[in-house]
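What follows is a single structure, written as structure tokens, with notes after it.
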Amino acid sequence: MECAGPSRAPPYWASLSSSPTQYLENSGVEIMNEKYNPADIEPKWQEKWEADGLYHADIDPDRPKYYALTMLPYPSGELHIGHWFAMTPSDARARYLRMNGYNVMFPIGFDAFGLPAENAAIKRNIHPKKWTYQNIERMRVQLRTMGAMWDWRREAVSSDPEYYRWSQFFFLQLYENGLAYRKDAAVDWCPNCNTTLAREQVWGEDRLCERCQTPVIKKQLEQWFFKITKYAEELLNFDQIDWEERVRLLQTNWIGRSEGASVVFRTEQGDPLEVFTTRPDTLWGATFMVLAPEHSLVLKITAEEQHDTVHDYIEQASRQSEIEREATDREKTGVFTGGYAINPVNDEKIPIWIADYVLSSYGTGAIMAVPAHDERDFEFARKYDLEVRPVIQPEDLEPLDGESMGTSVVAYGSMINSGEMTGTPADQAIPSTIANLEKNKTGKGAVNYRIRDWLISRQRYWGTPIPMVYCETCGVQPVPEDRLPVELPDDIEWRPTGESPLKFHPTWKHTTCPNCDEPAVRETDTMDTFMCSSWYHARYLSPDYHDGPWDPKEYDYWMPVDTYTGGIEHATMHLIYTRFFHKALRDMGITEGNEPMLQLRNQGIVLGEDSEKMSKSRGNVVAPDKLVEAYGADVVRAYLMFFSRWDLGGPWDSQGIGGVVRWMRRVWALFTDETPAHEEPTEDVKRSLRRKVHQAVRAATGDFEKFEFNTIISGLMELLNEMYRARKAGGVGSSEWEEAQDIYLRLLAPVAPHISEELWERLGKPYSVHTQAWPKVDEDAAAEEIITLVVQINGKLRDRITVPVGLSKEDAQAKALASEVVQKFMDGKEPKKVIVVEGKLVNIVI
RNA sequence: GCCGGAGUGGCGGAACUGGCAGACGCGCGCGACUCAAACUCGCGUGUCCUUACGGAUUUGUGGGUUCGAUUCCCACCUCCGGCACCA
């Protein structure tokens, strides 16, 4: 193999003293009857579970259902360690719930449409379909090595015609309900992906394509949108779901609700000119208005003598956005239109400007400019020498002067220079102004949202065709439901031209109008793949169902999703789309309930050993297949749960996994070594073992509920250490020992399904450990009888005393004061105060 | 600029409701086994002082509340994430 260069990180096993395989072979524990060799047991059990249908989940009205869902993978062709990190703890938790009596469904499938397939096709001249389905084949094999409890009968692949036919069906439903519409607009375009993007797919200040990190540009195009804005308010409500705070915040910020007022100004020509403002209390300070260059009234209001200037500016603004995204310097520019507007609150005539700092896509595309109280307007006013008139006087500031102020004042305060409203105090200013506007019918309280409608058109081949037809006489026509699916043709040429490849197919786009039967043309754009993933959780329920997107019987039983797990990077994409989709379909009577997923938890990212994001070019990619080969799936699963907090993720540590290898080997050794005890265990040993076992059950149960997988593993490690101690003290063979073994394997089962099944069988217990009940805590057994009380003097730890549980405060105090160490530190002084916390400590204040 | 999160040993991390900080693991040190190594097992391992016994100190920094603060409050510093001409 060729060396990739000096910056390449060593492979993950390089720090081990030998190759992974040797590492395992050399590690036999002497006392064991047989070495722990995952390769001997893991495939064996995987085959048996599959043959037995152990993880099939079927409708069972007698058991509570539980729908556990992990985000479906994109079939890139290589299962990533990130997939393992996301999926194996989710699997463990699904198993835990199953052991708790739930009828748990844990399905899997593939998000199979998308750009990488097409890019691979262009690069390597392989059909996107072939590439995708080959990858799916390979990933099915890889996924099986996890030993997860997938119900493979539920597998759905979003690029199957039987799947996307229903994506098309939903498109039509949205269309018919006025939630899908076509609009000519300035949209985001990725010049590398050669397609438009949804606003959600443009990231950060630099406006980079979410997929390829290329700066996006603006293009004026006719595109399809979904009216997600209609649901903005409802999407802000998370009352019915248990989603992580950070996701709720991301979505809330993304939706960006602002409260204020809409105010209707009038142009000189008498046209209403509506603006949105969050500060109606500053209305009297509006000294000019600004329209976005694209605003529909611009040409009408432009005065004769300003025509050329305005025209040039519009021209320049549109060219600028086409060539380059927003200028980095951000110097505001604009021109006077020569037109004027009348301020409804004081009938004042103010000039109308156009400027590109006003966005056509937010609010009404027009603003009232109040330079005294808005930073942007202030900057603009000073640049073009426009009037600055303060109308709000904050209490703690010197009286404001428009001529001399060096910056705008955004703070609240009492109104000044505001006609009849002058003198209104801060807390009244906004509501009073709104009331006034409403009384005069010149405005009203209003709410605006930052979120934009979801642009779903993509100029690429490998996606769901948009089921619409354009007819010269009848216009835009939906494809009738009974003619779905509109299938993708296989014989296609991929030309990275920036236009949809379907457009260049010789015959595909030609069809007849569903309305008049005359020749018509198909829509050649395909849908955003987030459309496919907005409803896959429901297709999983019945992937082979033909009479609808899903079998209503299955839907009624399984929905909604009880727990959804996946990456947080989808917070403002998939996770917001899927909520919108569900709510839109609910309003059409297709889905039930207000939310598709009740509980959401997000894992962090596994970084390379160099703490950088894993990437082929950095050479820091950890390949799960190699890890499984070297250590076995159980070890990889357990290590991924153990190495960090699940919600945080963190750098991979190839040394650290050794600790989990050792633990698993010690588990194996303890359960397979049949050396009889040499001595009888004391009652203390047995009692203590039982206590530790039940305390461990309590801890593991709580940790599963809280998604704290790292402490589940550490708890199991501790319990194992405890069992080794008990064995040394002669515990083997007692009934307490047998209970400990039994419970240990049940606790281990969700985490390490193979070794626990193998050892369970070796103990002669009935197949399968995975259908056993999760152990119940015996509170009496878990209770402590003797505890250590901490004795503090002035809050400093001075002594520890051993006392029985339930010792009275008086006795605890007496016992603490009697301690020799305490006597020494008290130095003959009398205690001023003694605090006794039962079961915890005694603090003596002197 | 706005919104949010996080700072605990050499490292990943643990700590119930304000009550023994550092569980568990990695790494490191010493020892046993071995001709030797690896593996495995045992012991130790926050920092400083002390030969030792022991003591002091310690959860980003500075304050506050409290008998007692990693935990609550205030201010600040650093790092991370999101948004950003959103009126």
Side-chain angles (χ1 to χ4, degrees), chain A residues 16-18 22-32 203-205 207 245-246 248-254 256-258 260 275-279 282 290 326 330-332 355-359 361-370 373-377 379-380 448-452 568-569 571-572 639 642-645 647-648 650-660 662-663 665-666 669 699 702 708 710-721 724 788-797 799-800 831-846:
Chain A
L16 301 174
S17 47
S18 51
Q22 284 165 339
Y23 181 73
L24 265 193
E25 280 167 2
N26 290 342
S27 61
V29 184
E30 298 265 337
I31 51 167
M32 286 193 318
W203 280 12
E205 185 177 6
R207 300 180 49 75
E245 173 77 12
R246 48 183 179 161
R248 301 204 308 261
L249 270 161
L250 286 171
Q251 294 201 346
T252 303
N253 289 343
W254 187 258
R257 182 182 200 274
S258 18
V275 299
F276 173 75
T277 176
T278 53
R279 293 294 301 271
T282 65
V290 188
E326 261 117 54
R330 283 202 186 144
E331 171 86 9
K332 289 180 182 38
D356 60 2
Y357 83 92
V358 173
L359 309 174
S361 51
Y362 183 78
T364 60
I367 61 157
M368 63 172 202
V370 185
H373 305 292
D374 182 280
E375 218 179 297
R376 297 151 300 180
D377 298 343
E379 194 189 315
F380 194 80
N448 240 288
Y449 303 92
R450 209 188 64 96
I451 192 172
R452 308 291 151 83
I568 194 151
E569 67 275 14
T572 58
Y639 181 59
F642 179 65
F643 87 99
S644 180
R645 265 171 50 184
D647 57 334
L648 290 184
W652 180 259
D653 178 2
S654 56
Q655 300 262 311
I657 197 171
V660 174
R662 271 189 280 280
W663 167 54
R665 252 187 240 143
R666 276 162 53 82
E708 288 173 2
N710 55 343
T711 46
I712 293 172
I713 308 296
S714 64
L716 286 168
M717 287 173 169
E718 271 183 274
L719 180 56
L720 189 75
N721 293 343
Y724 267 94
T788 304
L789 272 193
V790 168
V791 184
Q792 296 180 335
I793 294 173
N794 289 341
K796 279 192 178 154
L797 175 76
D799 199 10
R800 295 183 171 91
K832 279 190 200 139
K833 190 175 176 186
V834 180
I835 292 118
V836 183
V837 182
E838 236 173 296
K840 296 279 185 190
L841 57 70
V842 179
N843 188 12
I844 301 160
V845 187
I846 54 173

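Every chain is numbered from 1 and lettered A, B, ... according to where its sequence line falls, protein lines coming before strand lines.
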Among rA87(B), rC39(B), rC85(B), which nucleotide has an atom closest to any side-chain atom of Arg665(A)? rC39(B)

What I want to check is whether an N or O donor and acceptor connect the side chain of Lys332(A) with the base of rC85(B) at under 3.5 Å. yes

Applying a 3.5 Å limit to both distances, which nucleotide forms a Watson-Crick or G-U wobble pair with rU61(B)? rA75(B)

rA23(B) pairs with which nucleotide, Watson-Crick or G-U wobble, both distances below 3.5 Å? none

Could you tell me the Watson-Crick or G-U partner of rC53(B), where both distances fall under 3.5 Å? Say none if there is no partner. none

Between rC67(B), rC26(B), rU40(B), spot the one nearest the side chain of Asp653(A), thanks. rC26(B)

Have a look at Tyr449(A) and say if it touches a base, only the backbone sugar-phosphate, or nothing, with a 4.0 Å heavy-atom cut-off. nothing

Closest to the Ile367(A) side chain: rA87(B), rC24(B), rC41(B)? rA87(B)

Geometric class of the Trp652(A)/Tyr639(A) ring pair [parallel <30°, tilted 30-60°, perpendicular >60°]: perpendicular

Between rC20(B), rC67(B), rA87(B), which one does the side chain of Asn843(A) approach most closely? rC67(B)

Using the side-chain heavy atoms of Tyr362(A), tell me which of these nucleotides is nearest: rA87(B), rC20(B), rU40(B). rA87(B)

Leu841(A) near the nucleic acid: base, sugar-phosphate alone, or nothing, with a heavy-atom cut-off under 4.0 Å? base

Tell me which of Ile835(A) and Val790(A) sits closer to the 5' end of RNA chain B, going by the nucleotide each one is nearest to. Val790(A)

Mind calculating the distance between CD (Gln655(A)) and C1' (rC11(B)) to the nearest angstrom? 11 Å

When you check the side-chain N and O atoms of Asn253(A) and Arg450(A), is any donor under 3.5 Å from an acceptor? no

Does some side-chain heavy atom of Leu716(A) sit less than 4.5 Å from a side-chain heavy atom of Phe642(A)? no

Are Arg666(A) and Leu720(A) packed together at the side-chain level, in the sense that at least one heavy-atom pair is separated by less than 4.5 angstrom? yes

Touch check for Arg450(A), heavy atoms < 4.0 angstrom, all strands: base, sugar-phosphate only, or nothing? base

Could you state the CD1-C1' distance from Ile657(A) to rG12(B), rounded to the nearest angstrom? 14 Å

Syn if the chi torsion is within 90° of 0, anti otherwise; quick check, which is rG46(B)? anti

May I ask you to say what Thr252(A) touches in the nucleic acid, namely base, sugar-phosphate or nothing, with a heavy-atom cut-off under 4.0 Å? nothing

To the nearest angstrom, the CD1-P distance between Ile451(A) and rG82(B) comes to 18 Å

Counting any heavy atom closer than 4.0 Å, what does Val358(A) reach on the DNA or RNA strands: base, sugar-phosphate only, or nothing? base

Below 3.5 Å, does any donor atom in the side chain of Lys796(A) face an acceptor in the base of rC67(B), or the other way round? no

Please give the nucleotide sitting opposite rC41(B) as a Watson-Crick or G-U wobble pair, both distances under 3.5 Å, or none. rG31(B)

Looking at rC24(B), I'd like to know if its phosphate oxygens (OP1 or OP2) sit under 4.0 Å from a side-chain N or O belonging to Thr711(A). no

May I ask you to test the Tyr362(A)-Asn448(A) pair for a side-chain heavy-atom distance under 4.5 Å? yes

Taken to the nearest whole Å, CD1/Ile713(A) to P/rA23(B) is 18 Å

Arg662(A), nearest nucleotide to its side chain (from rA23(B), rA87(B), rC26(B)): rC26(B)

From the options rC83(B), rG4(B), rA14(B), select the nucleotide whose nearest atom is closest to the side chain of Trp203(A). rC83(B)

May I ask you to test the Lys833(A)-Asn843(A) pair for a side-chain heavy-atom distance under 4.5 Å? no

At less than 4.0 Å, is any side-chain N or O atom of Gln792(A) found next to OP1 or OP2 of rG68(B)? Yes or no. no

Under 4.0 Å, counting only non-hydrogen atoms across every strand here, what does Val837(A) touch: a base, just sugar-phosphate, or nothing? base

Whole angstrom value for the distance that separates C1' of rG12(B) from CH2 of Trp652(A): 13 Å

pair Thr252(A)-Arg257(A): side-chain heavy atoms closer than 4.5 Å: no

side-chain N/O Ser644(A) vs rG13(B) OP1/OP2, d < 4.0 Å: yes

Under 4.0 Å, heavy atoms only, any strand: does Arg645(A) hit a base, just the sugar-phosphate, or nothing? sugar-phosphate

Over all strands shown, is Arg257(A) touching base, sugar-phosphate only, or nothing at heavy-atom distances under 4.0 angstrom? nothing

Watson-Crick or G-U wobble partner for rC83(B), using a 3.5 Å limit on both distances? rG1(B)

With heavy atoms under 4.0 Å as the rule, sort Trp254(A) into base, sugar-phosphate or nothing. sugar-phosphate

Using a heavy-atom cut-off of 4.0 Å across all strands, would you classify Asn721(A) as base, sugar-phosphate, or nothing? sugar-phosphate

So, is Asn710(A) near the phosphate of rA14(B), with a side-chain N or O under 4.0 Å from OP1 or OP2? yes

Sugar-phosphate only, base, or nothing, as touched by Leu250(A) at under 4.0 Å among non-hydrogen atoms: sugar-phosphate

Taking the nucleotide of RNA chain B with the nearest heavy atom to each, does Gly204(A) or Met717(A) sit closer to the 5' end? Met717(A)

Contact class for Glu245(A) (heavy atom, under 4.0 Å): base, sugar-phosphate, or nothing? nothing

Is the shortest side-chain heavy-atom distance between Ile367(A) and Asp374(A) below 4.5 Å? no

Can you tell me how far P of rG54(B) sits from CG of Leu797(A), to the nearest Å? 13 Å

